[in-house]
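Just below is one structure, and these are the notes that go with it.
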Amino acid sequence: MAELKYRTHHGMVDLLPEETPKWRALEEIIHNTARLYHFEEIRTPIMEQTELIVRGIGALSDIVTKEIFAFEKGDDHYILRPECTAPVVRSFIEHHLDQRGGTQKLYYIGPMFRAERPQKGRQRQFHQFGLELLGSDSPLADAETIRFMIDVVNRIGVRNTTLKLNSVGDPESRARYKEILQETLKPHLSKLSELSQVRFEKNPMRILDSKEEEDQPFIEMCPSILDYLNDETAAHFEQVKGYLDASGIAYEITPRLVRGMDYYTRTAFELTSPDLGSQDALAGGGRYDLLVEELGGPATPAVGFAAGMERLLLAAEELGINLGETPTPHVYIVTRGEAAVQWASKALSELRKKNVSVTTDYQARSIKAQMKEANRVQATYAIIVGDSELEEGLFTLRNMHDSSESKVSLEEIFKRLTN
RNA sequence: GAGCCCGUAGCUCAGGUGGUUAGAGCGCCAGGUUGUGGCCCUGGAGGCCGUGGGUUCAAGUCCCAUCGGGCUCCCCA
């Protein structure tokens, strides 16, 4: 294949007509589920201020340190959003959404950008949907968030997933636990992986999440954070579990689950699929009670999650689930001669006014070629128009499924195609 | 940031030890039916064999470089 002059950027893909139907089906499931839960959609810009993302996710997080698309124009620092929680929180603060009253239940769907090396289930432009529930401290909000997440995944038909659940503690519990962690690991610091050594001072909890072989024995030594939660946070976590039990949602308590964004407090969770191979995280989220205030808003407890749409579609495909259908026209108008094209031009408009999907040939090709195309696009009917039809005022209506044909008037065509 | 695999028609792929005009299936276009699809038959279009350099009388095939793609680790959705 000769070299192409223009191509997509590394890790960015075109969704071709064969693939867009399943995307629309997935989007529809998300919108429908949101309606059932009464979440409202929010759409924020793809670009944000760099500082928002850095402050929001954490300057030391992997996302910020190595996966960001950012550039400057004049004095402005632009960043392609790598996730949508910080942008939604920004919008919540900017537009004083707390003043709308009650708990804000927002959801979003859209592209995110991370400058990573692409591989299966991982692209530089990828899509997430997620929700953010702002203004509630209640464990019920956590449970609703998780229910929504699982509900969408189930509605797609992906069922064999694992929900990993943890509490990463409130600030007080966490501070205490961090000390314990550092005490435990300090004697072995030199034996930890380079990455973990860096994390030791700034964010020791991330060490628990390390997959480095050499870290494992020391991670084993560490106590569970769940044993260091204060009474209030422990009770909150118990209630979250209770609400999940009540709706029959199974979970696995994983005390070492620590998420990549620094803003999480208390409840943290992840949904994984065995059908995905190495990039097995379908969705993840948790509570972030301090973020709104940290970004300059009113103190507002919040919880949310984000799910990877490519990964969900991948899991669905792996399971042989067919999502969405290729759109087909109801009618294909076959024409012969300029007068017929004239007539078709009018008929196309009339039929569409009556909500009938209809197409025709744009190349003045042979009847045979047009019939072939009508067949390929799976039209239900073909209307054949030539000189004889125009003279008689009767048109050939062919049922493409059973090959039956009849000569009928325009009025009769409308009647048959619209009922 | 590190490692592994792969680049031949639109797609999926053949092209032993280098040897004349580079092939198949599917798809596309046309004809067989001068106004009728699916099946069948016939024909056609479509390839600087990713790119550049080297070895050789001769390179899709061997060597080097480079670009592109896929996958894995780390991390994440």
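Here the structure is a predicted model, which is why all the values come from computation and not from measurement. Below, chain A is the first sequence line, B the second, and so on; all start at residue 1.
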For [X], give me all partners under side-chain contact (heavy atoms from CB on, under 4.5 Å), at least two apart in sequence or on another chain.
X	result
A:Arg376	A:Glu373
A:Asp227	A:Ser224
A:Tyr251	A:Leu163, A:Leu165, A:Lys241, A:Leu244, A:Asp245, A:Ile253
A:Phe71	A:Met47, A:Tyr78

| request: For the side chain of A:Glu67, starting at C-beta, report the closest nucleotide among B:U36, B:G37, B:C75. | output: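 The listed nucleotide nearest to A:Glu67's side chain is B:C75.
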
| query | Between A:Thr254 and A:Asn166, is any side-chain donor less than 3.5 angstrom from a side-chain acceptor? | reply |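 A:Thr254 vs A:Asn166: no donor-acceptor pair found between side chains.
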
| task | Give, ordered by number, those residues of residues 357-368 of chain A having at least one heavy-atom distance below 4.0 Å to an atom of RNA chain B; if nothing qualifies, reply none. | result |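 Going residue by residue through residues 357-368 of chain A, the ones with a heavy atom under 4.0 Å of RNA chain B turn out to be A:Arg365, A:Ile367, A:Lys368.
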
| field | Contact residues, residues 30-52 of chain A to RNA chain B [heavy atom, < 4.0 Å] | value |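 Under 4.0 Å from RNA chain B: no residue of residues 30-52 of chain A.
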
| For RNA chain B, whose closest nucleotide is more 5', that of A:Thr8 or that of A:Thr396? |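 Its nucleotide being nearer the 5' end, the pick is A:Thr396.
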
Identify, with sequence neighbours excluded, every residue that meets salt bridge (Lys or Arg N to Asp or Glu O under 4.0 Å) alongside [X].
X	result
A:Glu40	A:Arg100
A:Arg147	A:Glu144
A:Glu252	none

With a cut-off of less than 4.0 Å, is there a side-chain N or O of [X] near OP1 or OP2 of [N]?
X	N	answer
A:Arg336	B:G35	yes
A:Arg122	B:U72	no
A:Gln128	B:A77	no

| field | A:Asn399 CG to B:G38 P, straight-line distance once rounded to whole Å | value |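 Result: 16 Å.
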
| Set of residues satisfying ring pair (Phe, Tyr, Trp, His ring centres under 6.0 Å) with respect to A:His10, sequence neighbours excluded |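 With neighbours one apart ignored, the set is empty.
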
| task | Please list, chain by chain and in numerical order, all residues satisfying ring pair (Phe, Tyr, Trp, His ring centres under 6.0 Å) with A:Tyr263, sequence neighbours excluded. | result |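 Ring pair (Phe, Tyr, Trp, His ring centres under 6.0 Å) check on A:Tyr263 returns A:Tyr288.
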
| Intra- and inter-strand pairs of RNA chain B in dot-bracket (Watson-Crick or G-U wobble, both distances under 3.5 Å; | for another strand) | (((((((..((((.....[...)))).(((((.......))))).....(((((..]....))))))))))))....

